[in-house]
Amino acid sequence: MHRQLIPVLMKQVWMALDAGHVQEVLSSRAWLPIPGANSEVPGVLSWRGRAIAVVDLGLLAGVAEPLAPGETRERTLVIQHGPYTMAVMVDGVREVADVHEEALRPIHAARQRFAQHEIDLNGAPMAVLDVPSVVSSVSGAEAK
Amino acid sequence: VIAADAAPSSATLPVSFLLVSGKSVDWALEAAAIRMVMSPAEWREWTEDPAVDVAGVLGIVKDEESELSRILLVSGARGEFPLRADGQVHLQDFFRKDVLPLPPMVACASGMGGRMVEGVVMVEGRRPVIVVRPAGLQTKVYTHTP
């Protein structure tokens with residue numbers, strides 16, 4: 001079994017996400033803070049004619065300070081899981097890596113929340129984040 | 001058979017909003033809900049009731065009262081209520097389809113904020129606008145302590 005992972009950089013930390021959840025990789029995008037929103041889902045941005053939630057993955061994973069209003073990052077990932085579509089701002093993205101399931105190791109060194117496995121990609125160990133668990137955490141829906 | 005022209009849907013008809021351009025954010029309220037616009041001085045001559053600062057109610061960075069500030073007398077389900085809008089105030093038409101509803105993930109996470117916000121207008125090349133809901137604002141105003 002193979003998995004396709006997309007490495008993303010958040011501050012100084014590389015992490016990987018299942019590429020199947022990534023709908024689009026955009027350039028830096030402005031977003032709008034929503035009054036009363038919590039720091040994990042602080043606002044919205046416009047994508048394909050609708051407003052989608054901005055999810056602060058850096059904060060959720062425990063690798064970055066909360067996004068400040070108006071703060072943007074180099075790349076914006078549009079992520080989909082079930083009915084939920086959300087935007088995640090990251091500092092960098094590398095090309096999709098096709099990896100064998102056997103290359104995935106149990107969590108050992110990674111400290112990020114939602115880390116499911118670890119893997120060596122591009123010569124660096126990184127956590128593979130479980131996107132359904134992230135979505136579950138911010139939406140209240142059960143992860144599948 | 002000659003087909004009749006289809007009537008334009010409400011989504012494609014422009015709706016007038018009162019747009020308030022504050023220092024930190026632009027927000028708008030459907031103009032049909034506004035009964036009267038006056039200066040703070042005129043309002044104070046009329047009544048001693050305080051008008052609630054919308055930026056404070058929304059929880060966004062407050063703008064100070066200035067010569068630009070206006071009191072909006074807004075019609076809600078429980079009668080009229082006064083709001084203070086700090087910033088440039090003008091009428092602006094938006095298409096209903098351009099008022100994008102908040103995604104449920106954001107509306108739920110925002111609690112009361114989600115109920116006060118009808119949606120957002122995000123048009124390329126201009127400041128985004130938060131469209132507020134009079135009914136949600138009124139509920140918040142009655143529970144708000146300035």
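Here is the naming used below: chain letters follow the sequence lines, and residue numbers restart at 1 for every chain. The figures here come from the full heavy-atom set of this structure, side chains too, leaving out hydrogens, waters and symmetry mates.
- A 6.0 Å sphere centred on CD of B/Gln88 holds no more than 12 heavy atoms belonging to other residues, nucleotides or ligands.
- Residue-environment remark: NE2 (A/His100) exceeds the threshold of 12 foreign heavy atoms within 6.0 Å.
- Proximity to chain B (any heavy atom under 4.5 Å) is restricted, for A/Ile52, to the backbone atoms N, CA, C and O.
- Sparse packing is recorded around CD of A/Glu65, with 12 or fewer heavy atoms of other residues, nucleotides or ligands lying under 6.0 Å away.
- No more than 12 heavy-atom neighbours from other residues, nucleotides or ligands sit within 6.0 angstrom of CD on A/Glu102.
- When side chains are defined from C-beta on, B/Met122 counts as touching A/Val44, because their heavy atoms get closer than 4.5 Å.
- Options A/Ala51, A/Ala53, A/Gly49 differ in how many heavy-atom pairs under 4.5 Å they form with chain B, and the most are formed by A/Ala51.
- Across B/Ile130 and A/Pro33, no two heavy atoms sit closer than the pair CD1-O, 3.8 Å.
- Grouping the Ile, Leu, Val, Met, Phe, Trp and Tyr side chains by contacts below 4.5 angstrom, directly or via other members, places A/Val138 with A/Met15.
- The only option from A/Thr85, A/Val54, A/Val55 that meets the side chain to side chain contact (heavy atoms under 4.5 Å, CB included) definition with B/Met105 turns out to be A/Val55.
- Shown here for A/Gly43 and B/Val106, the closest heavy-atom pair between the two residues is O-CG2, 3.7 Å.
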